[in-house]
Each structure stands twice: as C-alpha cells, then as structure tokens.
Amino acid sequence: MPAPIALTRGLSTALERCELTCLPRQPLDVARAARQHAAYTRALARLGCQVHQLPGHPELADCVFVEDTAVVLDDVAVITRPGAASRRPETRAVARALRRWRPLLELGPPATLDGGDVLRMGQTFYVGLSTRSNRAGFTQLRELLAPRGYTLRALAVHHCLHLKTAVSAVSGDTVLINPDWCDPGDFRGYHIIPVDPAEPWSANTLVVGGTVLLPEAFPGTRQRLEDAGFRTLAVPVDELAKAEGGVSCCSLIFQA
Ligand code: CIR
C-alpha cells in the first residue's frame with residue numbers, strides 16, 4: 001500500500017484568539033504550540049505518512065485544525081461548513097489542496113458540520129450533533145454518502161466540543177470512549193476501551209499504520225491501550241490542547 005497522505009496546515013499567529021467551547025482561555029505560547037505541531041507532523045512522517053503542509057493563515061486563528069474542514073472518503077472529499085463562523089474561510093485553502101486528490105462535494109447553508117464530529121467505523125459514519133454540527137449538516141452529509149453505500153447515525157454530543165473528543169476508533173472494531181461524555185451503548189458490537197477516568201480528555205486518538213497516536217499527557221489511557229495489545233506513540237501537544245485541539249484534528253489522512 002502506498003504511503004498515506006497527511007494533509008496538515010501551519011498555525012496561525014493568532015492562535016491565542018482561537019474558538020473555545022469547553023475550556024477557559026489561558027495564555028497560549030504560539031511558538032511552543034508551533035514546535036509541538038512540528039513534532040506531531042514528524043510523528044506522522046515516522047508512522048509512514050507523506051505529509052503535505054499548507055501554510056497557516058495569520059487571520060484564521062484555528063486553521064491548524066484541518067480535520068474540521070473536510071471529510072475525505074475513498075472516492076470523494078466533502079468540504080464541510082464549520083459551525084463557528086470564524087472558521088468557515090478555512091475551507092477555501094483545504095478545498096484547493098484536496099482537489100488534487102479527490103473530486104469535491106460541498107455542504108451548504110443551513111448545514112453546519114465540523115469534521116471532528118464525524119467518526120468513521122468501516123461503512124458507518126457516526127455524526128455528533130454538537131454546538132458545531134447541526135441536524136441539517138447530518139442530513140446533507142447523509143444525502144451525499146448514503147448513495148455511496150454508507151450508513152449514517154446521528155449521536156448527541158454533551159459536555160465536550162466534538163464527538164471525537166469523546167470517542168475515537170483505535171482499530172476497525174474497537175473504540176476508545178470517555179463514558180461520561182458518550183454513551184457506550186451507541187457502540188454496541190464494538191470492543192470498548194474506557195479512558196482512564198483521571199484523563200477525561202484522552203479519548204481523541206489517531207491511528208496511522210496500526211499505531212495509535214495520542215497526547216503525551218495521558219499515560220493512564222496509553223497504558224490501557226497497550227494492555228489491550230495496541231502499539232502507541234505519544235506526542236507532546238499540551239499547548240495545542242489549550243486551543244481545544246487533540247491529535248485527530250491537526251490532519252486529514254487518506255490514501256492518494
Ligand atoms: C475550535 O474550537 O474550533 C478550535 N479551537 C479547536 C478545534 C479542534 N478540532 C477538533 O478536535 N476536530
């Protein structure tokens with residue numbers, strides 16, 4: 001299999017003015033966040049990705065979080081309409097880049113949808129209804145994907161920003177869940193690994209080439225994954241986490 005593409009985007013110098021939903025604003029060291037982002041992209045390369053990095057945009061505070069701007073499938077990419085108005089212009093550069101690899105489909109008003117609310121498990125997409133992604137976003141995505149053979153399920157998101165803040169797929173049949181933020185009953189039929197209760201923010205992971213990438217700040221959940229037989233790689237992303245970003249949100253990973 002050829003190396004997967006990891007599409008990333010540099011940080012905005014205005015990252016400290018990022019959108020925040022569940023976290024209080026704290027002083028943010030943009031240079032340190034940029035160093036952590038560089039370490040993250042090196043980790044993606046080490047796991048076998050071919051990294052394509054778009055330049056950050058000084059006025060788009062959250063542009064580093066590319067996951068929210070598109071859902072990339074095997075045959076097409078869907079450009080989203082992010083729930084935060086400040087983030088909508090981010091899609092332009094991502095669409096321009098993705099056009100090289102996929103025909104594009106696009107969501108339109110009144111839909112809002114962030115990629116962080118879209119969890120794919122095989123042919124099923126779980127879509128979080130959150131402060132960012134609305135019912136129209138779910139319905140439009142379903143209209144685009146159902147004819148392509150996918151099943152879409154809407155799930156309510158409470159207490160956190162996105163569905164994938166609360167749950168992520170660590171393999172084709174296993175999910176890592178914070179059961180306080182997401183109902184494990186919605187994932188009946190899958191193996192379920194609950195996060196370490198002391199690390200509620202640790203459910204967001206990213207699997208690349210069979211390795212589960214997760215933040216260094218969550219050794220308890222990392223141990224749980226290793227005990228379950230998963231290979232893991234931890235990266236320092238605590239500065240990016242102040243902007244409510246996790247490891248999945250800083251890339252779009254797909255086969256060319
Ligand atoms: C936001 O609130 O939109 C950004 N500050 C963080 C986005 C993180 N995205 C993600 O986890 N998919």
Side-chain angles (χ1 to χ4, degrees), residues 6-30 33-34 36-37 40 44 54 56-72 77-91 94 107 112-120 125-134 137 141 155 157-169 176-178 181-182 195 200-208 213-215 217-218 235 237-254:
L7 186 66
T8 63
R9 191 166 186 183
L11 272 75
S12 165
T13 43
L15 181 65
E16 19 178 14
R17 295 201 299 275
C18 66
E19 295 285 342
L20 287 174
T21 305
C22 302
L23 287 181
R25 198 166 294 280
Q26 318 171 45
L28 200 155
D29 181 340
V30 180
Q36 292 188 343
H37 186 254
Y40 168 85
L44 294 180
L54 305 176
H57 189 295
E59 275 150 44
L60 300 178
D62 281 304
C63 67
V64 67
F65 303 121
V66 281
E67 173 183 50
D68 294 319
T69 60
V71 179
V72 184
V78 180
I79 303 301
T80 65
R81 184 165 182 269
S86 70
R87 299 202 55 192
R88 293 196 189 130
E90 291 175 28
T91 57
V94 175
L107 302 185
T112 64
L113 186 93
D114 283 10
D117 277 317
V118 181
L119 170 64
R120 181 177 178 179
F125 282 88
Y126 294 90
V127 180
L129 299 178
S130 65
T131 57
R132 300 293 175 84
S133 302
N134 64 15
L141 191 67
L155 300 180
V157 175
H158 302 292
H159 316 301
C160 61
L161 174 56
H162 289 129
L163 178 64
K164 283 195 286 191
T165 325
V167 54
S168 67
L176 177 69
I177 283 192
N178 174 340
W181 292 352
C182 182
V195 297
W201 288 83
S202 61
N204 182 264
T205 63
L206 179 67
V207 178
V208 188
L213 190 70
L214 80 168
F218 305 130
V235 281
V237 285
D238 55 296
E239 206 62 41
L240 289 161
K242 292 181 187 169
E244 240 171 301
V247 283
S248 75
C249 61
C250 293
S251 57
L252 287 163
I253 301 202
F254 53 90

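One-based numbering, in listed order, for ligands and for the atoms of each.
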the protein heavy atom lying closest to atom 9 (N) of ligand 1 turns out to be Asp68 OD2, 2.8 Å
By side-chain hydrogen bond (donor to acceptor under 3.5 Å, both in side chains), Asp117 pairs with (sequence neighbours left out) Ser130, Ser133
How does Glu19 reach ligand 1, by side chain, by backbone, by both or by neither, if only non-hydrogen atoms under 4.0 Å count?
-> both
Protein contact to atom 10 (C) of ligand 1 [nearest heavy atom, distance to 0.1 Å] = Cys249 CB, 2.9 Å
Take atom CZ in Arg17; do more than 12 heavy atoms of anything else shown fall under 6.0 Å from it?
-> no
So do the side chains of Val118 and Val78 get within less than 4.5 Å of each other, counting heavy atoms only?
-> no
So between Glu244, Arg132, His162, whose heavy atom ends up nearest atom 3 (O) of ligand 1?
-> Arg132
Give a yes/no on ligand 1: does Ala243 have at least one heavy atom closer than 4.0 angstrom to it?
-> yes
Does an N or O from Ser248, backbone or side chain, lie closer than 3.5 Å to an N or O of ligand 1?
-> no
N/O of Thr21 under 3.5 Å from N/O of ligand 1, yes or no?
-> no
Intermediate values then yes/no, side-chain contact (heavy atoms from CB on, under 4.5 Å), Trp201 and Glu244 = CA-CA 10 Å; Trp201 288 83; Glu244 240 171 301; 4.2 Å; yes
Distance from atom 4 (C) of ligand 1 to nearest protein heavy atom, with residue and atom = Asp62 OD1, 3.1 Å
Quick one: which ligand 1 atoms are inside 4.0 Å of a heavy atom on Glu67?
-> 10 (C), 12 (N)
Shortest non-hydrogen contact from Ala203 to Val167?
-> CB-N, 3.9 Å
Ser251: partners by side-chain hydrogen bond (donor to acceptor under 3.5 Å, both in side chains), with sequence neighbours left out | Tyr40
Flag for Thr21-Arg132: side-chain donor and acceptor within less than 3.5 Å | yes
